[in-house]
Amino acid sequence: MAQKPSIPKGTRDFGPETMVKRNYIFDTIKSVFKLYGYQPIETPAMENLSSLMGKYGEEGDKLLFKVLNSGDFMSKADDTVLSEKNSIKVTNQISEKGLRYDLTVPFARFVVQHQNELQFPFKRYQIQNVWRADRPQKGRYREFYQCDVDVIGSDSLLNEVEIIQIVNDVYKKLKVNVVVKMNNRKILAGIAEVIGQPDKIIDITVAIDKLDKIGLDKVNEELVEKGLPQEAVDKLQPIMNLSGTNTEKLQQIKEVLKESEVGLKGVQEMETVFYWLAPLNVETEVELDLTLARGLNYYTGAIFEVKALDAQMGSITGGGRYDDLTGIFGLPNVSGVGISFGADRIYDVMEQLNLFPKDTATTTKIMFVNFGEKEQTWCLPVINKLRQQGIAAEIYPQAGAKMKKQMNYANARNIPFVALVGDNEIESSTITLKDMDKGEQKAISVEELIQILNK
RNA sequence: GUGGAUGUAGUUCAGUUGGUUAGAACGCUGGAUUGUGGUUCCAGAGGUCGCCGGUUCAAAUCCGGUCUUCCACCCCA
């Protein structure tokens with residue numbers, strides 16, 4: 001007895017209607033990327049585990065899918081390691097490949113490996129799926145697509161400005177209302193420095209990040225729990241209570257950070273970005289949010305996060321600047337900045353808000369009813385002609401199938417026109433064209449048919 | 001990884017304190033209509049009640065395990 005087929009947890013099949021909508025998102029994003037001069041690359045689904053481990057923090061390592069070695073890997077494994085039953089050590093013995101967790105780290109690897117073939121600053125885009133062994137929920141999958149743009153080999157803040165423009169253009173095209181939240185790791189480092197806890201920066205940022213969600217009191221509790229002295233937590237309070245416009249916030253934070261060189265550098269970077277952005281008439285709101293932390297620990301400068309305004313969903317796009325990602329792979333001092341659009345979450349948001357254009361559902365424009373082999377033979381050259389004109393056309397493949405069945409098929413597939421060619425039409429060299437929406441039909445010539453369908 | 005909910009026809013869901021042969025709507029197939037779909041009418045097919053085990057004379061219903069989906073935490077696109 002055949003077992004019920006299924007797919008792994010957190011993965012999905014996509015049917016035709018879903019794919020049409022997904023492609024709409026991919027095409028839109030891709031068109032904007034190209035418009036700004038980015039070039040496409042792809043990298044393998046698998047990377048060497050050594051390239052992936054340690055880049056996403058401790059949590060990230062756990063969420064990596066590891067691929068077993070090929071062959072009789074167990075016989076080669078060290079017995080003492082196996083008997084220890086330590087998962088991490090055993091993994092090292094039996095797995096040396098893993099599925100990519102994001103597109104940024106493979107990109108850094110790519111840049112280092114191909115540095116001599118690339119023209120810097122290198123602007124690339126990459127649209128591929130990534131895998132995370134997370135527990136699935138709404139808007140969280142184990143396999144999902146990221147659409148990344150990065151520019152590497154330039155530390156100009158113009159790139160940050162460009163990324164904001166790209167975000168604006170993409171969401172304007174998709175008709176999704178969003179807010180771009182921005183922060184800077186240097187400011188966060190400065191804060192840690194000023195309160196005398198520079199090595200606690202990760203704990204501090206992770207806790208501050210939750211301000212919206214759990215409130216000030218709980219954040220303070222968590223900070224104390226993580227081993228921060230009370231006086232340091234106290235010093236942090238004015239920062240968490242910042243308010244006003246971006247400029248006002250920066251003004252206040254500058255005061256707090258006046259002792260910290262890094263911190264002031266961060267503030268200055270933000271000021272520059274906002275200054276250059278101002279005359280560009282970007283409609284999307286860009287908000288300085290000092291509670292924005294982002295977990296990925298390779299970020300060193302600007303960090304971005306984009307949230308949909310009209311739907312409840314985690315961040316749908318995120319990124320930032322990384323000063324030394326390529327350093328780990330042997331190419332130091334190359335700065336990059338990029339951002340990643342989460343296609344699956346964007347899809348969920350657009351589905352919720354009903355933002356997909358209706359006509360994307362149509363594929364074939366006209367279907368020829370198949371009355372029999374003789375009629376079929378007459379129709380095929382006509383269909384060829386239509387296709388040469390770029391008109392999507394097809395014929396029902398079963399010669400002489402019941403009319404009702406054929407019409408039903410066209411209707412179910414949302415094909416807007418049906419052509420009927422039987423004895424009468426062949427005799428007079430015409431085609432009876434039926435408009436499925438209006439239900440009207442008329443006899444016309446092939447030339448007229450092309451004209452009507454080309455509209 | 002921790003805690004909670006969920007699973008019944010292709011789909012969305014009913015199903016009483018455990019009690020004959022598990023239902024509805026929509027969809028599907030055939031017919032009314034042999035050159036006309038979307039409306040209507042008639043008929044029909046379709047279920048190991050997620051999976052495995054246990055309690056019971058008897059389990060969709062109670063218990064345990066497991067998997068899926070969803071929710072919260074963690075983290076994130």
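For the numbers below, each heavy atom of this structure counts, side chains included, while hydrogens, waters and symmetry mates do not. Below, chain A is the first sequence line, B the second, and so on; all start at residue 1.
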Taking any heavy-atom pair under 4.0 Å as a contact, classify [X]: base, sugar-phosphate, or nothing.
X	value
A/I316	sugar-phosphate
A/K210	sugar-phosphate
A/D437	base
A/G422	base

Partner nucleotide of [N] by Watson-Crick or wobble geometry (both distances under 3.5 Å):
N	value
B/rA22	none
B/rA59	none
B/rC70	B/rG4
B/rG37	none
B/rA9	none
B/rA43	B/rU29

Rounded [atom1] spacing from [N] to [M] in Å:
N	M	atom1	result
B/rC70	B/rG64	P	25 Å
B/rC49	B/rG23	P	14 Å
B/rU2	B/rU21	C1'	45 Å
B/rG46	B/rU33	P	28 Å
B/rU6	B/rC42	C1'	39 Å
B/rU69	B/rU12	P	14 Å
B/rC57	B/rU16	P	23 Å
B/rG44	B/rC63	P	39 Å

Side-chain-base donor-acceptor pair under 3.5 Å for [X] and [N]:
X	N	result
A/Q406	B/rU36	no
A/E425	B/rG35	yes
A/N411	B/rG37	yes
A/K434	B/rG37	yes

Atom [atom1] of [X] to atom [atom2] of [N]: distance rounded to whole Å?
X	N	atom1	atom2	value
A/D203	B/rC74	CG	P	14 Å
A/R22	B/rA77	CZ	P	17 Å
A/W131	B/rA77	CH2	C1'	15 Å
A/E440	B/rG38	CD	C1'	15 Å
A/K374	B/rG35	NZ	P	13 Å
A/Y56	B/rA77	OH	C1'	13 Å
A/M407	B/rU33	CE	P	18 Å
A/E222	B/rC74	CD	C1'	10 Å

Below 6.0 angstrom between ring centroids: does that apply to [X] and [Y]?
X	Y	answer
A/Y409	A/Y396	yes
A/F33	A/Y125	yes
A/F26	A/Y145	yes

### Query
According to the 5.5 Å centroid and 30° plane-angle thresholds, does A/F371 stack upon the nucleobase of B/rG35?
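No, A/F371 does not stack on the base of B/rG35, since the centre distance and plane angle fail the 5.5 Å and 30° test.
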### Query
Side chains of A/L228 and A/K200: closer than 4.5 Å at any heavy-atom pair?
yes
### Test: A/R345 cationic atom under 6.0 Å from A/F144 six-membered ring centre, within 45° of axis
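The answer is no; the distance or angle limit is not met.
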### Message
Any carboxylate oxygen within less than 4.0 angstrom of a Lys/Arg side-chain nitrogen, looking at A/D344 and A/R12?
### Response
yes
### Salt bridge A/R124-A/D148, side-chain N to carboxylate O under 4.0 Å
yes
No-hydrogen, no-angle side-chain donor-acceptor test under 3.5 Å, [X] and [Y]:
X	Y	answer
A/D348	A/Y141	yes
A/E425	A/T432	yes
A/T300	A/R321	no

### Task
Would you mind telling me which residue lines up with the more 5' stretch of RNA chain B, A/G60 or A/T432, judged by nearest nucleotide?
A/T432
### Query
Nearest to the side chain of A/N408, which nucleotide is it out of B/rG37, B/rG30, B/rA77?
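The answer is B/rG37, which lies nearest to the side chain.
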### Query
In terms of side-chain heavy atoms of A/R132, which of B/rC76, B/rC75, B/rA32 is nearest?
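Given the options B/rC76, B/rC75, B/rA32, the side chain of A/R132 is closest to B/rC76.
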What nitrogen or oxygen pairs link the protein and nucleotides 68-72 of chain B at under 3.5 Å?
| from | atom 1 | to | atom 2 | distance (Å) |
| --- | --- | --- | --- | --- |
| B/rU68 | OP2 | A/K9 | NZ | 3.2 |
| B/rU69 | OP1 | A/G10 | N | 2.9 |
| B/rC71 | OP2 | A/K138 | N | 2.1 |
| B/rA72 | OP2 | A/Q137 | OE1 | 3.3 |

### Aromatic plane relationship, A/H114 with A/F110 - under 30° parallel, 30 to 60° tilted, over 60° perpendicular
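Plane angle between 30° and 60°, so tilted.
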### side-chain hydrogen bond (donor to acceptor under 3.5 Å, both in side chains) against A/N183, all qualifying residues, sequence neighbours excluded
none
### Query
Going by number, which of residues 163-171 of chain A have a non-hydrogen atom under 4.0 Å from RNA chain B?
none
### Phosphate OP1/OP2 of B/rG31 contacted by A/K402 side-chain N/O (<4.0 Å)
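For A/K402, the contact criterion (side-chain N or O under 4.0 Å from OP1 or OP2 of B/rG31) is met.
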### Message
Please tell me if A/K62 has a side-chain N or O lying less than 4.0 Å from either OP1 or OP2 of B/rC75.
### Response
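Negative; the distance criterion is not met.
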